[in-house]
Number of protein chains: 2
Amino acid sequence: MKLNNLDLNLLVVFNAIYTEGSLTKAGEIVGITQPAVSSALSKLRDYFDDPLFIRVGQGVQPTAKTENIIIHVREALSILQKSLETPDAFDPAESSRTFKLSLNDISEGRVLPILIDKVHNQAPKVSLSSYYTRRDDLQHALAANEICFAVDPFPPSDSEIKKELIFEDEFVCGFRKDHKLAKEKNLSIEQYLDLDHIHISGRKRGGALVDNALAKLQLDRKIILRAQHYLITPEVLNSSDMVLTCTKSFANKHDLAYKTLPFEVAPSQFFLAWHQSNDTDPGCMWLRELIKDSFAEAKSRWH
Amino acid sequence: MKLNNLDLNLLVVFNAIYTEGSLTKAGEIVGITQPAVSSALSKLRDYFDDPLFIRVGQGVQPTAKTENIIIHVREALSILQKSLETPDAFDPAESSRTFKLSLNDISEGRVLPILIDKVHNQAPKVSLSSYYTRRDDLQHALAANEICFAVDPFPPSDSEIKKELIFEDEFVCGFRKDHKLAKEKNLSIEQYLDLDHIHISGRKRGGALVDNALAKLQLDRKIILRAQHYLITPEVLNSSDMVLTCTKSFANKHDLAYKTLPFEVAPSQFFLAWHQSNDTDPGCMWLRELIKDSFAEAKSRWH
DNA sequence: GCACTATTATAAATAATACTTATAGTATTT
DNA sequence: AAATACTATAAGTATTATTTATAATAGTGC
């Protein structure tokens, strides 16, 4: 529990003796009695094998050894003093912190390139690490600080989890540009149901928002491919007649043609979620703004 | 005895937990048991009013607050680590140490301009302080580190005091350039004794080396002005017919004419003296060389 | 030079607290 | 669901820091 067998608290006394030039006064400053200072000094003398201070006149004079040591001691103490007194600060230019995020693949593709650019510009030594955390584990992962941010359409509902809507876009029906649908003016609901659909979901079963909307109309679409990652779909769509119900910005970004859906469906939403313990952390606050900016930029870029 | 009421030794544990990601392993590193680490952590938690580490999986995850603190703690600890392990070092470029010297006025005039220039070039933040310490007090002042160097013709003879001859010059008889003596070829002893002499000495009574040499010849010179500071003599000499027995370099420096003394006298010598406790101190060693260089330079400049 | 003052060092006793062993509690893993 | 791995708590012990009281020492003033 001691650094090199040295009780670090002794250094506080050491510094006080140096600045006061007197053991008695040092004691008053530190708030202990003179014999306590004397005893602390004798421990330091043993440790450094040097008198450190020599009695002269009405006080003590530092030894050359003390002059050599005090510089470093003062520097170290003032670093601690500052960092312990000051409320937490985050200096992007200097920080080499790693921020861990949970993004699904569509969010990664949507904002990671934009975000990493912003981060790197402001904070060259900061690194980001993004790995997807399953929705069921989000609450825990955020609380345990395994990740500091999650982007998800349905973040945990918990008083400890803060969230903010950062992305919203309407669903459209996307397909390849030379698809026969491209010539049609509107997409009817019959046509929609008749098409071969791709469904992307991280879960093993269960439909998407669209399927819930259809179910309300007692309708059902024909899903012929179910996969976990959105980013594989452009390739599939371009070599088939399949369609993908996705956001307009996804279609735009991946150069797909699309039609407005022939029925009502709630928009696609993504929330940024974080644990309340990080709510006022300057580093997290800084990154939070950058993430929000990045999503906004993504939205306007592919609108 | 604690910095802001924080036991600094706890920070060693704090750092160990951070690097190990586990209280148990941190204990092994620091050399205490796991409950001791746990207790240290709980004190830190109270102090910082934050969990600091959150238990997750087979270890603990640092909190955002911890991330903010650890940077400074590590910096401070590594400064201490280095400075406590490393034998004393002196970095002229960084040091802001003040070196205290004892120089009489002639030495000040001789080397201080040269020395301060050298010092300032190599060590912009170092300062010098020169005040004369009476010969009787030198031993004490050096031992008590009130001064780290003394320049004196007769430094204390003591096994604890180290000394080195740093300046030697012959005595000459100096006077103003348009003095009638200037036309003479040599100075006879009769002429010398017949002149009006200035005698400089810090002591209230007693002669100089020259007077001792004359005494051996059972001779005596006529001292009509006794003063304490050499630096007033040029002005007096230039407005009178008085002469001053001084070193050749003093005469040259102050633009005086001079003649070789018509009798044998030991040369003027100055020793640099320091206490043995500073003998191997890097800062003192550094300055010692600079002082020696400065005297050598002074000698060659006014030779 | 001697007494007086101011300061540091030492001694003994006390108070504080850090550490250990033992155990309970709490996640995670298989 | 049991086992594992880790952290937290409790109680007791040992250590050590601090205090009061006193001695020793150096410097100051008459």
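For B:Arg55, the listed nucleotide lying nearest its side chain is D:dA5; candidates were D:dT19, C:dT21, D:dA5. Checking D:dT9, C:dA11, D:dC6 against every side-chain atom of B:Ser38, the shortest atom distance belongs to D:dT9. Closest approach to the A:Leu23 side chain among D:dT7, D:dA17, C:dT8 is made by C:dT8 (side chain taken as heavy atoms from C-beta onward). The side chain of B:Ala36 approaches C:dC19 more closely than any other nucleotide in the set C:dC19, D:dT7, C:dA9. In the set C:dT8, D:dC6, D:dT20, the nucleotide with an atom closest to the side chain of A:Ser22 is C:dT8. Comparing D:dT18, D:dA8, C:dA9 against the side chain of A:Ile32 picks out D:dT18 as the nearest.
Taking the nucleotide of DNA chain D with the nearest heavy atom to each of B:Lys25 and B:Ser42, the more 5' of the two is matched to B:Lys25. Heavy-atom distances to DNA chain D give each of B:Gly21 and A:Gln34 a nearest nucleotide, and the one nearer the 5′ end belongs to B:Gly21.
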Before giving the answer on side-chain hydrogen bond (donor to acceptor under 3.5 Å, both in side chains), spell out for A:Asp7 and B:Asn9 the whole-Å C-alpha distance, their side-chain angles and the decisive distance to 0.1 Å. CA-CA 7 Å; A:Asp7 180 348; B:Asn9 296 321; 2.7 Å; yes
Residue pair B:Asp211, B:His199: steps toward the side chain to side chain contact (heavy atoms under 4.5 Å, CB included) verdict: CA-CA 10 Å; B:Asp211 297 295; B:His199 175 50; 4.3 Å; yes
Step by step, work out the side chain to side chain contact (heavy atoms under 4.5 Å, CB included) result for A:Leu101 and A:Leu115. CA-CA 12 Å; A:Leu101 319 173; A:Leu115 180 61; 4.1 Å; yes
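At a threshold of 4.0 Å, the pair B:Arg288-B:Asp279 counts as salt-bridged, since one of the basic side-chain nitrogens sits closer than that to a carboxylate oxygen.
The separation between B:Asn145 atom CG and D:dA26 atom P is 17 Å, rounded to whole Å. A straight line from CG of A:Asp7 to C1' of D:dT15 spans 13 Å, rounded to a whole angstrom. Between the CD atom of A:Gln61 and the P atom of C:dT8 there is a distance of 12 Å, rounded to whole Å.
Residue A:Arg45 places none of its side-chain N or O atoms closer than 4.0 Å to OP1 or OP2 of C:dT8. Here A:Lys43 reaches the OP1 or OP2 of D:dA17: one of its side-chain N or O atoms lies under 4.0 Å away. Between B:Thr24 and D:dC6 there is no side-chain polar atom (N or O) within less than 4.0 angstrom of OP1 or OP2. Put simply, A:Ser39 has no side-chain N or O that comes within less than 4.0 Å of OP1 or OP2 on D:dT18.
B:Trp286 and B:Phe90 have tilted rings, their planes meeting at an angle from 30° to 60° on a 0 to 90° scale.
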